[in-house]
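The structure appears right after this line, and notes come after that.
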Protein chains: 2
Amino acid sequence: MAAEDDTALGDTVERFSQARSAQSQALLEDYTEMIDDLLREVGEARITDIARHMGVTHPTATKAVSRLKREGLAQSRPYRGVFLTEAGLAMAERVRARHRVVVDLLVAVGVPAEAAELDAEGIEHYVSDTTLAAFEAFLAARR
Amino acid sequence: MAAEDDTALGDTVERFSQARSAQSQALLEDYTEMIDDLLREVGEARITDIARHMGVTHPTATKAVSRLKREGLAQSRPYRGVFLTEAGLAMAERVRARHRVVVDLLVAVGVPAEAAELDAEGIEHYVSDTTLAAFEAFLAARR
DNA sequence: ACAAAAGTGTAGCCATGGCTTCATTTTCGC
DNA sequence: GCGAAAATGAAGCCATGGCTACACTTTTGT
């Protein structure tokens, strides 16, 4: 038969679907955060800079920025830098805070700082609000 | 200028590149683990079952299995089920163990079990060996 | 035993996120 | 102030991972 025996396998569909949909969001978050970083530290976010820091070519960065604009997260005018909208800034702030919490938690449980920084980049996108709250509580209790 | 000021932004390229390349591996791992689960619990892994549990259509599962075969992780004959090679079994075992450690760690730091299970599905793929070792050490110390 | 149902395979489409190439526009250095 | 260098834009290619549609096996039920 091997058809209806879902018993031990649980709601795998939900789990995987959710993990997959998180991926599309991850890119938006990464670019948004990078643009915010550049705006803060360099004063402007130009396509070339974004591309270089993201490790992609400039057309790829242009495409990503187009998507950010489509999603209402960024604005830009030809040959001018890229800027974040209110929504974009909010996302950047949220992502930045989450990233910090994730890194802190990893370090708190004994992960070497360098590995923590590296892994957090991938991990952070899959940390739900619930989990994030738990991380914060754990860190607060430790402190 | 806004061009060479990499100072505060660090090696972002490496981080992002690594996170991106991890994604392609994630799918292989997920399918491999699912096939292993099915083989263990149902006795066979058929395309339709794999598809259903992964939340995709059967042609998508077929493509994924093709890729697994290409990578030497699985074997299959038309209209027969899918089986894992030695390498596939090894990967499944590794993935399964890592998954368990990640869930355990999340729970250990206070994440509700359900959220831990859900988030682990995305997180696990980005946990490096270094971080995994740290998780294990943390759990061992707690126990 | 054989028709219907279920499973599988194959082809081809779409979106995404990379890429290269080339044209155009800015910016810079002299 | 102008020519060269750098940045940007636009077009088009590739692979991946989804999908639908349709053809063909295999299994199943009567």
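Per chain, numbering begins at 1; letters A, B, ... match sequence-line order. Values below: every heavy atom of this structure, side chains too, minus hydrogens, waters and symmetry copies.
- Residue A:His58 contributes atom NE2, which lies 9 Å from atom C1' of D:dA10 at whole-angstrom precision.
- Summarising the geometry, the separation between CG on A:Asp49 and P on D:dT8 is reported as 7 Å, rounded to the nearest angstrom.
- Among the heavy atoms of the strands lying under 4.0 Å from B:Thr48 are primed sugar atoms or P, OP1, OP2 only; no base atom is included.
- Look at OH on A:Tyr79: it is 10 Å from P on C:dT27, rounded to the nearest Å.
- Side-chain polar atoms of A:Gln25 and A:His125 form no donor-acceptor pair below 3.5 angstrom.
- Each of B:Glu33, B:Glu124, B:Glu121, B:Glu114 was scored for a salt bridge (Lys or Arg N to Asp or Glu O under 4.0 Å) with A:Arg15, with one residue passing: B:Glu121.
- Closest approach to the B:Thr62 side chain among C:dC19, C:dG9, D:dG9 is made by C:dG9 (side chain taken as heavy atoms from C-beta onward).
- The side chain of A:Arg20 places no N or O atom within less than 4.0 Å of a non-bridging phosphate oxygen (OP1 or OP2) of D:dG17.
- Side-chain atoms of A:Thr12 come within 3.5 Å of backbone N or O of B:His53 as a donor-acceptor pair.
- Whole-Å rounding puts the B:Ile47 CD1 to D:dC19 P distance at 14 Å.
- Residue contacts for B:Pro59: at a heavy-atom cut-off of 4.0 Å it reaches a base atom on one of the strands shown.
- Nearest nucleotide to the B:Pro78 side chain, out of D:dT8, C:dT20, C:dG9: C:dG9.
- Counting only heavy atoms from C-beta on, B:Arg67 has its side chain closest to D:dG17 among D:dA10, D:dG9, D:dG17.
- Distances were taken from every side-chain heavy atom of A:Lys63 (C-beta onward) to each of C:dG18, C:dT20, D:dT26; the shortest belongs to C:dG18.
- Looking at B:Glu117 and B:His99, their side chains do bring a donor and an acceptor atom within 3.5 Å of each other.
- The side chain of B:Thr60 sits closest to D:dG18 out of D:dG18, C:dG17, D:dA7.
- The distance from atom CG of B:Leu38 to atom P of C:dG7 is 14 Å, rounded to the nearest whole Å.
- Between A:Thr57 and B:Arg80, the residue whose closest nucleotide on DNA chain C is further toward the 5' end is B:Arg80.
- Remark: C1' of C:dG17 and CD of A:Gln25 are 16 Å apart, rounded to the nearest angstrom.
- Distance, A:Gln23 CD to C:dA15 P: 19 Å, rounded to whole Å.
- One interatomic measurement links the two molecules: CG of A:Leu27 to P of C:dA15, which rounds to 18 Å at whole-angstrom precision.
- The side chain of A:Arg46 lies closest to D:dA7, out of C:dG18, D:dG18, D:dA7.
- No donor-acceptor pair under 3.5 Å is formed between the side chain of B:Ser17 and the backbone N or O of B:Glu14.
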